[in-house]
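For clarity, every value in this text was computed on a predicted model and none was experimentally measured. Whatever order the structure lists them in is the order used to number ligands and atoms, beginning at 1.
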Amino acid sequence: MEYRPLGNTGLRVSALSYGASPLGSLFREVREADGIRAVHVSLDRGINFIDVSPYYGLTKAEAVLGKALREVSRDRYILATKVGRYSDDAFDFSAARVTASVDESMQRLGVEHIDLIQVHDMEFGTLDQVVEETLPALRKLQQAGKVRFVGITGLPLKSFRYVTDRAEVDTILSYCHYSLNDTALAELVPDMRAKGVGVINASPLSMGILSNRPPPAWHPAPAHVKEICARAAAFCKSRGADIEKLAVQFSVINPEIATTIVGSANPDNMEKNVRWIGEPIDQQLLADVMKILEPIHNVTWTSGRAENN
Ligand code: NAD
């Protein structure tokens with residue numbers, strides 16, 4: 001496993017990291033044991049960065065992750081969670097709510113500090129509130145020793161520029177903007193580097209559209225994007241290859257991105273994901289797939305308030 005510096009935090013994070021959102025899935029029992037094993041397999045294979053949120057499974061992902069982490073020494077992982085988003089349509093970025101939220105998360109996770117606290121999907125709020133109220137409240141928690149670093153997350157890249165121009169943040173977490181079909185995050189990297197902000201990329205499989213399985217019904221990508229991604233997946237299959245492998249390898253190769261978060265509650269998939277990044281990428285397959293995806297390159301969707309997109 002390769003480890004990379006996370007902005008100016010002094011932390012070194014594994015190039016591939018673990019996203020715990022699938023631990024919040026509503027299919028229970030068996031999945032929970034598998035999910036716990038997926039966490040342990042990831043850590044055993046060298047992953048040291050884990051991302052979660054109270055939103056995932058409406059607190060369930062944090063609770064299951066907490067069970068998995070109780071058996072693991074605290075110095076083996078860098079733990080990131082979030083504040084501000086609590087369901088599909090419940091957002092509260094107020095100082096009072098985010099302050100209480102950190103205590104609730106620590107309790108569910110069974111930890112005495114959180115390494116990275118992030119404002120979750122900030123584009124659903126007003127960015128001026130994030131700058132003037134949410135981030136200062138999180139900095140107070142940093143002074144109190146409850147959190148070590150403070151970051152922001154969301155979909156529209158424009159909102160990262162807006163907030164990092166006006167407030168100090170340690171990291172940004174962008175998703176669906178550095179994978180085979182969308183590399184728009186690369187355009188933001190020089191600005192973030194200049195500001196000393198660590199760049200975290202999530203969803204190398206573009207939340208499941210770069211996959212042989214059909215994407216979930218809620219997937220927000222436009223229909224033609226899903227269609228062309230499915231064509232690329234079928235092409236890989238016809239060559240005896242997995243688009244998932246190509247996708248994970250592609251996202252991790254860029255050294256400017258500190259870490260890429262992939263989510264799975266399946267220990268075998270996490271074992272594969274880590275193995276794949278140690279193997280050389282098939283350059284011919286990559287070129288062929290990029291050609292198929294070219295018509296939809298960087299085609300995205302809106303998220304949150306119109307003015308933040
Ligand atoms: P992803 O691109 O990682 O895709 C996940 C899907 O791919 C899941 O259905 C999973 O089962 C499947 N998968 C994973 N490995 C596989 C393999 N080897 N073979 C076949 N299928 C495989 O998207 P994601 O789960 O949305 O994102 C990853 C993580 O990033 C999340 O868990 C979360 O922690 C983080 N994230 C954060 C935000 C945010 O903060 N706003 C948004 C998106 C994602």
Starting from atom 18 (N) of ligand 1, what is the nearest protein heavy atom, named by residue and atom, and what distance separates them?
Asn273 OD1, 2.8 Å
Does Arg213 have a heavy atom less than 4.0 Å from any atom of ligand 1?
yes
Could you identify the single nearest non-hydrogen protein atom to atom 13 (N) of ligand 1 and state the distance to 0.1 Å?
Leu205 CD1, 3.4 Å
Under-4.0 Å heavy-atom contact with ligand 1, by part of Lys82 that carries it
side chain
Are the side chain of Asn254 and the backbone of Glu256 linked by a donor-acceptor contact shorter than 3.5 Å?
yes
Are His120 and Tyr56 close enough that their ring centres sit under 6.0 Å apart?
yes
With a 4.0 Å cut-off on heavy atoms, does Arg85 reach ligand 1?
no
Do Tyr77 and Tyr18 make the cut of ring centroids closer than 6.0 angstrom?
no
Within ligand 1, which atoms have a heavy atom of Thr153 less than 4.0 Å away?
39 (C), 40 (O), 41 (N)
When you measure from the side chain of Thr259 to the backbone of Ser14, do you find a donor-acceptor pair of N or O atoms at a distance under 3.5 Å?
yes
Ligand 1 atoms nearer than 4.0 angstrom to some heavy atom of Asp121 are 39 (C), 41 (N)
Ile243 side chain near Leu180 side chain, heavy-atom distance below 4.5 Å:
yes
the protein heavy atom lying closest to atom 20 (C) of ligand 1 turns out to be Glu244 CG, 3.5 Å
Honestly, is Arg166 close enough over Tyr162, meaning NZ or CZ under 6.0 Å from the six-membered ring centre and within 45° of the axis?
yes
Any atom of ligand 1 sitting under 4.0 Å from a heavy atom of Tyr18?
no
Counting from 1, what ligand 1 atoms have a heavy atom of Ser206 closer than 4.0 Å?
2 (O)
Measuring from atom 28 (C) of ligand 1, which candidate in Gly263, Gly154, Ala61 has the nearest non-hydrogen atom?
Gly263
Where is the nearest protein heavy atom to atom 31 (C) of ligand 1: which residue, which atom, and how far?
Ser21 OG, 3.4 Å
Decide whether the shortest distance between a heavy atom of Pro204 and an atom of ligand 1 is less than 4.0 Å.
yes
Considering the heavy atoms of Leu173, write down every atom of ligand 1 situated less than 4.0 Å from one of them.
37 (C), 38 (C), 39 (C), 40 (O)
Give the atom numbers and elements of ligand 1 that come within less than 4.0 Å of a heavy atom of Trp276.
18 (N)
Identify the closest protein heavy atom to atom 38 (C) of ligand 1: which residue and atom is it, and at what distance?
Tyr56 OH, 3.5 Å
Ligand 1 to Met207 polar contact by distance, N or O atoms, under 3.5 Å:
yes
Between Ser264 and Asn266, is any side-chain donor less than 3.5 angstrom from a side-chain acceptor?
no
Who's the nearest protein heavy-atom neighbour of atom 29 (C) of ligand 1, and how far?
Ile261 CG2, 3.6 Å
Find out whether Lys146 and Met106 are in side-chain contact, i.e. whether some heavy atom of one side chain is under 4.5 Å from a heavy atom of the other.
yes
Between Arg4 and Glu2, does any side-chain N to carboxylate O distance fall below 4.0 Å?
yes
Tyr55 ring centre to Arg85 NZ or CZ under 6.0 Å, with the angle to the axis within 45°?
yes
Any N/O of Pro22 closer than 3.5 Å to an N/O of ligand 1?
no
Please report the closest heavy-atom contact between Glu187 and Asn298, naming both atoms and the distance.
OE2-ND2, 3.9 Å
Residues Asp170, Arg139: salt bridge by 4.0 Å N-O rule:
yes
Side chains of Asn201 and Tyr175, heavy atoms from C-beta outward: is any pair under 4.5 Å?
no
Can you confirm whether the side chains of Ser101 and Tyr86 place a donor and an acceptor under 3.5 Å from each other?
yes
Which residue holds the protein heavy atom closest to atom 17 (C) of ligand 1, what is that atom called, and what is the gap in Å?
Asn269 CG, 3.5 Å
Report yes if Asp51 has an N/O atom closer than 3.5 Å to an N/O atom of ligand 1; otherwise report no.
yes
For His120, the ligand 1 atoms whose distance to one of its heavy atoms is below 4.0 Å:
39 (C), 40 (O), 41 (N)
Candidate with minimal heavy-atom separation from atom 1 (P) of ligand 1, of Ala20, Ser203, Pro215, Ser264:
Ser203
Closest protein heavy atom (residue, atom, distance) for atom 30 (O) of ligand 1
Ala202 CB, 3.2 Å
